[in-house]
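Have a look at the structure below, then the notes.
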Amino acid sequence: MKITGITIYAIRLPLKQPFVISYHTYKDMPSIIVKLETDEGVVGYGEAVPDEHVTGETWEGTYQVIKHTLGPAILGINPMEIEKVHEIMDKLIYQAPAAKAAIDIACYDLIGKKLQVPVYQLIGGRYHEQFPITHVLSIGEPEKMATEAMEQVSKGYTSFKIKVGRDVNGDVARIKAVADSVKDKAVIRVDVNQGWQTAAATLKGIKALETVDIDWLEQPVRADDIDGMAFIRSHSTVSLMIDEGLKGARELKEIIQKNACDRINIKLMKCGGILPAVKLAYQAELAGIECQVGSMVESSIASSAGFHVSFSKKNITSVELTGPLKFTKDIGDLHYDIPHISLKDQPGLGVNIDEEILKELTVFEDVLKES
């Protein structure tokens with residue numbers, strides 16, 4: 001089997017409501033969809049959702065990297081040789097993890113369909129049967145966030161991620177309001193998205209939240225401040241998670257050496273796809289660190305890829321892959337049984353693509369063929 005054709009779609013996924021975090025407000029989600037075709041007629045789909053604030057990649061730039069650099073290089077390559085695919089990509093361009101993730105995910109979809117097995121069977125087999133879905137609360141006024149939390153509890157949600165990071169005092173009010181509204185009915189996780197910036201400000205926030213039972217506090221300081229995370233951890237009993245501060249194996253090595261966190265948030269868009277995510281999970285397991293698989297608010301394609309990684313690894317104990325639930329239209333049919341997700345045993349990613357919706361959401365596209 002070899003890759004003979006690549007179609008690249010630049011799309012914008014419509015959100016039900018704006019997604020507000022510390023560093024940006026998203027009115028829709030720009031995404032790049034990659035369709036790989038083979039000489040055997042097998043088709044695989046991948047996705048890149050770049051974030052210039054996290055990976056340094058833009059929507060337009062990622063499209064061009066796939067079109068002019070990565071795409072031409074993998075034409076004629078056997079997608080089952082996934083280590084070789086990554087070696088080719090890594091030699092051509094430094095970093096660009098979201099662009100590489102699109103190729104990686106599409107290759108795994110191809111491999112699973114070729115062998116007629118789900119992707120999770122290719123990376124260790126199924127370990128988990130299901131995961132509870134965490135509802136993510138965008139930054140807003142305390143009362144509005146608390147009301148939304150209560151509404152979601154009535155739908156069966158038992159865990160919430162509270163997005164904060166505007167200012168410590170205001171964020172404390174937001175967190176307390178949500179905690180008071182759900183009381184003992186759900187667990188609370190707080191994601192600062194680097195918004196508190198420093199260890200000093202973070203410790204101030206933690207002090208003010210002593211009466212609130214927080215499951216974990218995620219990325220309060222700047223992404224590259226691993227020392228700051230280690231300092232906070234040594235001066236606090238709150239469980240800490242690193243997100244933006246972890247991209248690949250190099251950062252995780254430093255995190256482990258400095259005992260900088262209790263948990264890490266693996267995202268396929270930050271590390272380069274399924275294969276690098278699996279390697280990070282194993283690296284974390286050796287250090288006794290629990291993992292979560294999160295997302296950049298992706299469609300059914302990349303969300304499904306993240307779930308396959310999650311379901312196959314013992315030390316991945318939580319997931320936050322809720323992108324498809326946030327869209328008015330999605331290009332795939334990943335199914336959620338609120339408040340849980342249970343993967344089916346269909347080949348590849350197990351996602352059927354609606355070509356009509358894909359075309360409708362496409363802003364521009366290109367086709368590459370083997371010469």
Using a 3.5 Å distance criterion without hydrogens, assess whether the side chain of [X] forms a donor-acceptor pair with backbone atoms of [Y].
X: K100; Y: Q95; value: yes
X: S181; Y: V178; value: yes
X: K326; Y: V297; value: no
X: T322; Y: L325; value: no
X: Q219; Y: G245; value: yes
X: E298; Y: M296; value: yes
X: K313; Y: I123; value: yes
X: E370; Y: G5; value: no
X: E47; Y: A302; value: yes
X: S236; Y: R233; value: no

When rounded to the nearest 0.5 angstrom, what distance separates [atom1] in [X] from [atom2] in [Y]?
X: I88; Y: D90; atom1: CD1; atom2: CG; value: 10.0 Å
X: I77; Y: E81; atom1: CD1; atom2: CD; value: 7.5 Å
X: I256; Y: I264; atom1: CD1; atom2: CD1; value: 7.5 Å

From CA spacing to verdict: salt bridge (Lys or Arg N to Asp or Glu O under 4.0 Å), K161, E320: CA-CA 9 Å; K161 169 179 273 192; E320 287 178 359; 2.4 Å; yes
Option from [options] for which side chain to side chain contact (heavy atoms under 4.5 Å, CB included) with [X] holds:
X: K204; options: T198, N169, L209; result: N169
X: L280; options: V293, L252, L275, I289; result: L252
X: I175; options: L217, V212, L137; result: V212

Residues E218, R189; criterion side chain to side chain contact (heavy atoms under 4.5 Å, CB included); working and verdict: CA-CA 8 Å; E218 184 174 346; R189 296 151 185 177; over 6 Å; no
Distance-only polar pair, side chains of R12 and S31, donor-acceptor under 3.5 Å: no
From K2, K369, K113, residue fulfilling salt bridge (charged side-chain N to carboxylate O under 4.0 Å, His left out) relative to E37: K369
Residues in salt bridge (Lys or Arg N to Asp or Glu O under 4.0 Å) contact with K35, at least two apart in sequence or another chain: E355
Where P14 and D28 come nearest, the two heavy atoms and their spacing: CA-CB, 4.3 Å
In terms of hydrophobic clustering (I, L, V, M, F, W, Y; side-chain heavy atoms under 4.5 Å; direct or indirect links), are [X] and [Y] co-clustered?
X: V119; Y: I82; answer: yes
X: Y157; Y: W216; answer: no
X: I316; Y: V187; answer: no

K267 and D243 ion-paired at < 4.0 Å: yes
Salt-bridge criterion met for E83 and K279 (N-O under 4.0 Å): yes
With H24 via ring-ring contact (aromatic ring centres under 6.0 Å, His included) - residues at least two apart: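 Y26, H53.
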Evaluation steps, side chain to side chain contact (heavy atoms under 4.5 Å, CB included), between F311 and V319: CA-CA 9 Å; F311 275 79; V319 293; over 6 Å; no
Audit row: T55, E57, side-chain hydrogen bond (donor to acceptor under 3.5 Å, both in side chains) steps and yes/no: CA-CA 5 Å; T55 69; E57 300 165 282; 2.8 Å; yes
Shared-cluster residues of I139, by chain and number - hydrophobic side chains joined below 4.5 Å: V20
Full working for side-chain hydrogen bond (donor to acceptor under 3.5 Å, both in side chains) between D337 and H335: CA-CA 7 Å; D337 296 310; H335 179 67; 2.7 Å; yes
E141 atom CD, over 12 foreign heavy atoms within 6.0 Å: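 12 or below, so no.
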Cation-pi geometry met for R222 and W196 (6.0 Å, 45°):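 That pair does not qualify as a cation-pi contact.
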Residues E254, K258; criterion salt bridge (Lys or Arg N to Asp or Glu O under 4.0 Å); working and verdict: CA-CA 6 Å; E254 182 182 358; K258 295 179 176 178; 2.7 Å; yes
is_close_aromatic([X], [Y]), centroid dist under 6.0 Å:
X: Y127; Y: Y120; answer: no
X: F364; Y: Y9; answer: no
X: F131; Y: H128; answer: yes

Side chain to side chain contact (heavy atoms under 4.5 Å, CB included) between L358 and I11, intermediate numbers included: CA-CA 8 Å; L358 178 57; I11 71 172; 3.9 Å; yes
Worked check of salt bridge (Lys or Arg N to Asp or Glu O under 4.0 Å) between D51 and K270: CA-CA 9 Å; D51 189 331; K270 293 189 301 176; over 6 Å; no
